[in-house]
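What you are looking at is a predicted structure, and each value in this text was computed from that prediction instead of being measured.
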Amino acid sequence: MTESDRPVGPAGPKAPRALARSAQGAIVVAAGVEVVRALTLRAHRLHPADTTSGRAGLVSMVSVYARTVATVLFLVWFHRCRHNARVITPGADLGSDVWAVVAWLIPLVNAWFPRGLLLATLRASGGEAGQERAGVLVNAWWVAWAGHLVIAAPRVDVMPVV
């Protein structure tokens, strides 16, 4: 496909920079709220008389909202990137859009498949310049994600009702 054959307007590639920055900001906020939640729950377990379960519940609720917003923004950004990759490299094998979302939500599947989807999207999105560096960044991010799954999954606690 030549430059003049590429669609322009709503169908053409549109850099999702603002969406990417929004998702990044939401992820940082969600991580910060998660730290506050962990500290609040720890304080409540160590000193139940000094803290209230209501405060712990409120912080947990805010954490769920922050993670939900971050997840939605990330998935919308990822969908936009996949759309752009298809326009830039027609015929690229990126898999289905439904699988690109569902792969993040299925336990055990989400430990490996989204990495491949992300790398395929990255390869189809750009030229050779920076591909190796970008692949290293994706792999470093994926190690952090997998580490989070290993560390956080067994630690999912239900706060006892007192």
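By the 4.5 Å side-chain criterion applied to Ile, Leu, Val, Met, Phe, Trp and Tyr, Val59 is assigned to a cluster that also includes Val36. Membership of the apolar cluster around Val35 extends to Leu39, as traced through chained side-chain contacts below 4.5 Å between ILVMFWY residues.
Annotation: side-chain contact (heavy atoms from CB on, under 4.5 Å) contacts of Val29 (sequence neighbours excluded): Val33. Shown here are the side-chain contact (heavy atoms from CB on, under 4.5 Å) partners of Ala23, two or more places apart in sequence or in another chain: Leu73. The side-chain contact (heavy atoms from CB on, under 4.5 Å) check on Val28 picks up nothing, with sequence neighbours excluded. Residues that satisfy the side-chain contact (heavy atoms from CB on, under 4.5 Å) test with Val101, not counting sequence neighbours, are Leu75, Leu105.
Tracing side-chain contacts under 4.5 Å through hydrophobic residues (I, L, V, M, F, W, Y), one never reaches Leu108 starting from Val102; they form parts of separate clusters. By the rule that hydrophobic residues join a cluster once side-chain heavy atoms approach within less than 4.5 Å of another member, Val72 and Trp99 end up as members of one cluster. Cluster membership for Tyr65 and Ile27, using ILVMFWY side-chain heavy atoms within less than 4.5 angstrom, is not shared.
Here side chain to side chain donor-acceptor pair (under 3.5 Å) pairs that include residues 21-34, with residues two or more places apart or in two chains, are Arg21-Gln24, Glu34-Arg37, Glu34-Ser63. The side chain to side chain donor-acceptor pair (under 3.5 Å) contacts involving residues 108-122 comprise Arg115-Asn139, where partners must be two or more places apart or lie in separate chains.
At least one side-chain heavy atom of Trp141 sits under 4.5 Å from a side-chain heavy atom of Leu118. You'll find the side chain of Leu94 stays beyond 4.5 Å of the side chain of Leu117, heavy atoms only.
By the 30° and 60° cut-offs, the orientation of the rings of Phe74 relative to Phe78 is parallel.
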